[in-house]
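Only one structure is covered here, and it is reproduced in the block below.
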Amino acid sequence: VQLQASGGGLVQAGGSLRLSCAVSGRAFTTYPMGWFRQAPGKEREFVSAISWSGGNTYYADSVKGRFTISRLNAENTVYLQMNTLKSEDTAVYYCAAQMSFYCSAYGCYAKEDKYDYWGQGTQVTVSS
């Protein structure tokens, strides 16, 4: 399984970006997916997750109301639409896929060790 994240870049505060994560190798439609981020000097943190069907979504409080996660199973892709970006959103963003676990609650989706495959990360820089 390979995950390829893209869509990062430099944007002014208040702007928007859409990240994409393309998955290849196995049946994407069975994977719950998540996005994490790591800012300089900080630990990686949970951002958002989506169930395999897309019917359930989860967000960290810091991004709730500004970010939207979605997936298009026909294209093996998960998206993270990021609006009203803030300087504190600056980080490397990683997508991840679950295969060994099928979480059903926020607390599970937010844990890094519940994800089996990770993308390489895409840099998001928000200038103030």
Side-chain angles (χ1 to χ4, degrees):
V1 177
Q2 293 185 328
L3 283 68
Q4 181 70 41
S6 62
L10 174 64
V11 63
Q12 288 188 333
S16 300
L17 283 174
R18 189 178 79 158
L19 305 184
S20 301
C21 178
V23 181
S24 62
R26 290 181 65 173
F28 172 74
T29 55
T30 64
Y31 300 159
M33 299 289 297
W35 286 96
F36 290 75
R37 67 186 181 186
Q38 187 168 22
K42 295 186 178 181
E43 294 186 352
R44 190 156 57 183
E45 64 176 3
F46 172 76
V47 175
S48 183
I50 188 168
S51 61
W52 68 270
S53 67
N56 294 294
T57 57
Y58 306 86
Y59 299 93
D61 287 343
S62 59
V63 306
K64 199 173 294 182
R66 299 187 298 122
F67 290 11
T68 303
I69 191 171
S70 61
R71 64 190 296 158
L72 190 57
N73 286 346
E75 296 184 359
N76 291 354
T77 304
V78 63
Y79 301 96
L80 185 68
Q81 177 67 43
M82 307 186 295
N83 297 329
T84 319
L85 283 161
K86 305 175 181 179
S87 57
E88 51 263 45
D89 295 318
T90 294
V92 177
Y93 283 71
Y94 299 89
C95 59
Q98 293 183 346
M99 284 187 59
S100 304
F101 297 93
Y102 280 84
C103 294
S104 59
Y106 177 94
C108 181
Y109 277 105
K111 295 182 179 179
E112 290 186 43
D113 62 2
K114 302 303 183 187
Y115 294 81
D116 302 280
Y117 296 96
W118 292 80
Q120 84 289 359
T122 184
Q123 176 70 48
V124 172
T125 303
V126 184
S127 63
S128 57

Kindly assign one of parallel, tilted or perpendicular to the pair F36 and F46, based on the angle between their ring planes and the thresholds 30° and 60°. perpendicular

Heavy-atom nearest pair, T90 first then V126, reads OG1-N, 2.9 Å

Rounded to the nearest 0.5 angstrom, the OG-NZ distance for S100 and K114 is 10.0 Å

Given F67 and L85, is the side chain to side chain contact (heavy atoms under 4.5 Å, CB included) satisfied, shown in steps? CA-CA 9 Å; F67 290 11; L85 283 161; 3.9 Å; yes

From CA spacing to verdict: side chain to side chain contact (heavy atoms under 4.5 Å, CB included), Y115, Q98: CA-CA 4 Å; Y115 294 81; Q98 293 183 346; 3.5 Å; yes

Looking only at heavy atoms, which two atoms of C95 and A5 are closest? And how far apart? SG-CB, 4.1 Å

Yes or no on salt bridge (Lys or Arg N to Asp or Glu O under 4.0 Å) for K86 and D89, after CA distance, side-chain angles and deciding distance? CA-CA 5 Å; K86 305 175 181 179; D89 295 318; over 6 Å; no

Just by modelled atom types, is the T84 backbone N or O under 3.5 Å from a matching donor or acceptor in the R66 side chain? yes

Write down the atom of R37, the atom of S62, and the distance for their closest heavy-atom approach. NH2-OG, 3.5 Å

CD (E43) and CD (E112) are apart, to the nearest 0.5 Å, by 8.0 Å

Of W52, W35, Y58, Y59, the one forming a ring pair (Phe, Tyr, Trp, His ring centres under 6.0 Å) with Y109 is Y58

Identify whether L80 and V23 are in the same connected component of the hydrophobic contact network (ILVMFWY, side-chain heavy atoms under 4.5 Å). yes

If I take atom OG1 from residue T57 and atom NZ from residue K64, how far apart are they, to the nearest 0.5 angstrom? 9.5 Å

Quick check: is W118 connected to V78 through a chain of hydrophobic side chains (ILVMFWY, heavy atoms under 4.5 Å apart)? no

Kindly work out whether a path of hydrophobic side-chain contacts (I/L/V/M/F/W/Y, heavy atoms less than 4.5 Å apart) joins I69 to V47. yes

Please name the pair of heavy atoms, one in V92 and one in G121, separated by the smallest distance, quoted to 0.1 Å. CG1-CA, 3.8 Å

Can you confirm whether Q2 is buried at CD, in the sense that more than 12 heavy atoms of other residues, nucleotides or ligands lie under 6.0 Å from that atom? no

Y117 to M99 - nearest heavy-atom pair and separation: CE1-SD, 3.0 Å

Stepwise, does the side chain to side chain contact (heavy atoms under 4.5 Å, CB included) test hold for M33 with L3? CA-CA 11 Å; M33 299 289 297; L3 283 68; 4.0 Å; yes

The side chain to side chain contact (heavy atoms under 4.5 Å, CB included) partner of Y93 among M82, R44, Q123 is M82

Quick one: do L19 and V124 satisfy side chain to side chain contact (heavy atoms under 4.5 Å, CB included)? Show the steps, please. CA-CA 9 Å; L19 305 184; V124 172; 4.0 Å; yes

